[in-house]
2 protein chains.
Amino acid sequence: MTELATQNNKEINKKERILDSAEALFAQHGYDGVTIRQIAKLAEVDVALANYHFGKKLDLFHAVFDRRAQQLSDQRHKLLAAQQSSMQTLEQVIEAFLMPLKMAQQTEDPGWRNYLALLAYVMTSPVWNKIMMSKFFDKRVVEFIAALKDIFPNASEDKIHWCYHYMSGALALTLAQTGRIDRISNGKCQSTDFDTAYELMVPFMAAAFRKVCD
Amino acid sequence: MTELATQNNKEINKKERILDSAEALFAQHGYDGVTIRQIAKLAEVDVALANYHFGKKLDLFHAVFDRRAQQLSDQRHKLLAAQQSSMQTLEQVIEAFLMPLKMAQQTEDPGWRNYLALLAYVMTSPVWNKIMMSKFFDKRVVEFIAALKDIFPNASEDKIHWCYHYMSGALALTLAQTGRIDRISNGKCQSTDFDTAYELMVPFMAAAFRKVCD
DNA sequence: TTGCCTATTCAACAAGTGTTGAATATAGTG
DNA sequence: CACTATATTCAACACTTGTTGAATAGGCAA
C-alpha cells in the first residue's frame, strides 16, 4: 500500500506471480474451488513450483492471506492509536476502522481488490473465520471495541458487540463485490464503487450505534 | 415452517435425507468443499443414489437451495403485502423483511438453521450470488425497496439501495454463524442467538436508514 | 574449468473425484 | 401368481486431484 504498485510483473518474480494468481482465484472461488494447476496456469509457471515455494496447498492459502493482512492490521492499529486522545468522536473511530480498506482499494495494484474479496470470503466462512481472522484481525477489533466503550460508557458490552457485528457484516458484503447491488439497482449502484460505499457507511453506522448504545 | 418439523427421519425417506445432509455440508464447506460421497455417507445411503434422484452435483445443489427458498420468499411477500397500507412504519417494514428468517431459525427442524447458513454462503459468494439469489429473493428485495421508497419519498434511490446493501450484509453475517462474535466477546454473545440478533437489528437499522435517507 | 546452491521443469504416483450402466431389491397393480 | 415401475445397490469407468523425486537449468564463488 505504501509501496509502489507492482503491476505487470509477468516477466519477473515467479514466486509473487503464484501468490497473485492464488489470491485472485481463492477470492473468487474459495479454497476448495481452486486447484493448484489453475493457479499455476494463471501464473504461467509449472505445477510443482507452487509446492516448492510454499509447500502444501493449505500453506499457500495461509501465505496468500498473511501477505497483506499484516499491513492492513498495522494500518488499523496506527489510525486507532493516533487518536487515542479522549477527544475522539464516534465518526472518527469508525473511519479509522474503515480507512485502511478504502485505501487498499484505491491502490492501483489490482491485487488489493482481490485480497479484499478474499478477506470477505474468510470473514463469512464458518470454517476459515476462526483459523484466519484470529491471526491478525481479532486484536484490532478488540482495540476498536475498546474505543467504542470509551464513547459509550453506559452501554452494555453485549450491545456494543452486536453493533460491531452488524457493521462487520455490512463491510464484508461490500468487500465481497458480489454484484448484487448492481443487479437490484439496475446498474445505478456498483459493487466496485468503494468510495460511495465507505462515504455512506460512516454516517449510517454512527447513527445506528448511537441509537442502540446511547 | 408451517409444517411439522421432520426431525429424526433416519429410517425413512432417503431422498430427503440426501437433501438434509447436502444442506448441512454445503452450508459449512461450500459447494466445492463437499463431495457426493461425504453427502451419501452422512445420509447413510449409497453414492449413486444422489445421482439417481437429483442428477448432477450442481442439480443437487440447486435442489437443496430451492427447497426452502420458495417458502422463505413467499413468507416475505405475504408479510410485506399484508401491511401494504400507507400506514406502515419503517420498523414494520424492516421487521417484515427479517421475520421469516427469525421464524425459520425458531423451528425445531435443525435443517432450517443449516439452510440459513447456506443462504449466507450464497449471498456472499461472487459466483453463486447471481445464479441463486435472482431465482427467488431478488423479487422480494425489489418489493422491500419499493416500501422504503414510500417511507422516504425524498431520498435518492442510490442511498436506499446502499442502505439495503448494508442491512443485507449484517443479515448475511448473522445467518452465517461464523462464531466470531462469540470469540471476540469472550463467549458473552453467541452466533446462535438469533433472537437477540434480530431484536437489536431492527432499531439499529431503522436509525441508520433515517439518518441517511431522511 | 569445477562445485554448489537455488530455481524450475518433467514425469509420474496414489488417492479421490463425479458419473454411469447393470444388477438387485421393493412395492404396488392386475 | 406375474408384471411393472420405482428405488437402491454394486462395481467400475475415465478423469482430476495434491504431491513428490529425479532431472535440468542458471548464477555465482573458488
Side-chain angles (χ1 to χ4, degrees), chain A residues 6 8-67 111 118 121-122 125 127-128 131-132, chain B residues 6 8-67 111 118 121-122 125 127-128 131-132:
Chain A
T6 57
N8 210 10
N9 51 359
K10 295 195 176 175
E11 299 308 326
I12 47 165
N13 206 340
K14 297 192 177 186
K15 189 174 176 182
E16 286 216 349
R17 260 158 54 197
I18 293 174
L19 283 177
D20 291 339
S21 301
E23 186 174 56
L25 291 172
F26 281 144
Q28 195 154 38
H29 302 98
Y31 178 78
D32 297 296
V34 176
T35 71
I36 309 260
R37 283 173 168 83
Q38 289 176 318
I39 296 172
K41 190 171 188 178
L42 184 60
E44 298 182 78
V45 300
D46 189 84
V47 206
L49 195 58
N51 208 284
Y52 170 74
H53 280 303
F54 302 100
K56 315 276 183 188
K57 183 186 181 186
L58 185 58
D59 298 326
L60 172 60
F61 188 66
H62 274 94
V64 169
F65 186 80
D66 294 354
R67 176 169 60 151
L118 178 66
Y121 166 70
V122 168
S125 158
V127 299
W128 294 114
I131 305 171
M132 312 296 275
Chain B
T6 56
N8 209 9
N9 52 359
K10 295 193 177 178
E11 300 306 328
I12 47 166
N13 207 340
K14 296 192 177 187
K15 189 174 176 181
E16 285 217 349
R17 260 159 54 198
I18 293 174
L19 283 177
D20 291 340
S21 301
E23 186 174 56
L25 291 172
F26 282 143
Q28 195 153 39
H29 301 99
Y31 179 77
D32 297 297
V34 176
T35 70
I36 309 260
R37 284 174 169 82
Q38 288 176 318
I39 296 171
K41 190 171 188 178
L42 184 61
E44 298 180 80
V45 299
D46 188 84
V47 205
L49 195 59
N51 207 285
Y52 170 75
H53 280 303
F54 302 101
K56 315 276 183 188
K57 183 186 180 186
L58 184 58
D59 297 327
L60 172 60
F61 188 66
H62 275 95
V64 168
F65 186 81
D66 293 354
R67 176 169 60 150
L118 179 66
Y121 165 71
V122 168
S125 158
V127 299
W128 294 114
I131 305 170
M132 312 296 275

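Atoms considered below: every heavy atom in the structure, side chains included; atoms not considered: hydrogens, waters and symmetry mates. Naming convention: chains lettered A, B, ... in sequence-line order (proteins, then strands); numbering from 1 in each chain. Not measured: the values here are computed from a predicted model.
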Sidechain N-carboxylate O distance under 4.0 Å for D20(A), R67(A):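 Salt bridge flag = yes for R67(A) with D20(A).
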Can you see if the side chain of [X] gets near the phosphate of [N] - specifically, an N or O under 4.0 Å from OP1 or OP2?
| X | N | value |
| --- | --- | --- |
| K57(A) | dT17(D) | no |
| N51(B) | dG18(C) | no |
| K14(B) | dT9(D) | yes |
| Y52(A) | dA7(C) | yes |
| H53(A) | dT8(C) | yes |

For the pair made of [atom1] in [X] and [atom2] in [N], what is the distance, rounded to whole Å?
| X | N | atom1 | atom2 | result |
| --- | --- | --- | --- | --- |
| F26(B) | dG18(C) | CZ | C1' | 12 Å |
| E16(A) | dT8(C) | CD | P | 12 Å |
| L49(B) | dT20(C) | CG | C1' | 14 Å |
| L58(B) | dT19(C) | CG | C1' | 14 Å |
| E44(A) | dA7(C) | CD | P | 20 Å |
| N13(B) | dT6(D) | CG | P | 16 Å |
| I18(A) | dT19(D) | CD1 | C1' | 15 Å |

Sorted by number, the residues of residues 31-42 of chain B with heavy-atom contact under 4.0 Å to DNA chain C: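 Per residue number, the list reads V34(B), T35(B), I36(B), R37(B).
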For the rings on F26(B) and F61(B), is their centre-to-centre separation under 6.0 Å?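 F26(B) vs F61(B): aromatic centres under 6.0 Å.
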Check A27(A) against L118(A) and note the closest heavy-atom contact, atom names and distance.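 So the two residues come closest at CB-N, 3.6 Å.
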Quick check: closest heavy atoms across I18(A) and F54(A), and the distance to 0.1 Å?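 The pair with the smallest heavy-atom distance is CG2-CE1, 3.8 Å.
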Geometric cation-pi criterion K57(B) and Y31(B), 6.0 Å radius, 45° cone: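 Yes, K57(B) and Y31(B) form such a contact.
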[X] side chain, from C-beta outward: closest of [options]:
| X | options | value |
| --- | --- | --- |
| A48(B) | dT8(D), dT20(D), dG21(C) | dG21(C) |
| D46(B) | dT19(C), dT20(D), dT9(D) | dT9(D) |
| K56(A) | dT19(D), dA7(C), dT19(C) | dT19(D) |
| V47(B) | dT19(C), dT9(D), dT20(D) | dT19(C) |

Output all residues satisfying side chain to side chain donor-acceptor pair (under 3.5 Å) with D59(A), sequence neighbours left out; order by chain, then residue number.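 In terms of side chain to side chain donor-acceptor pair (under 3.5 Å), with neighbours along the sequence ignored, D59(A) is linked to no residue.
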Could you measure the distance from the CD1 atom of I39(A) to the CZ atom of R17(A)? Nearest 0.5 Å is fine.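 The CD1 atom of I39(A) sits 14.0 Å away from the CZ atom of R17(A).
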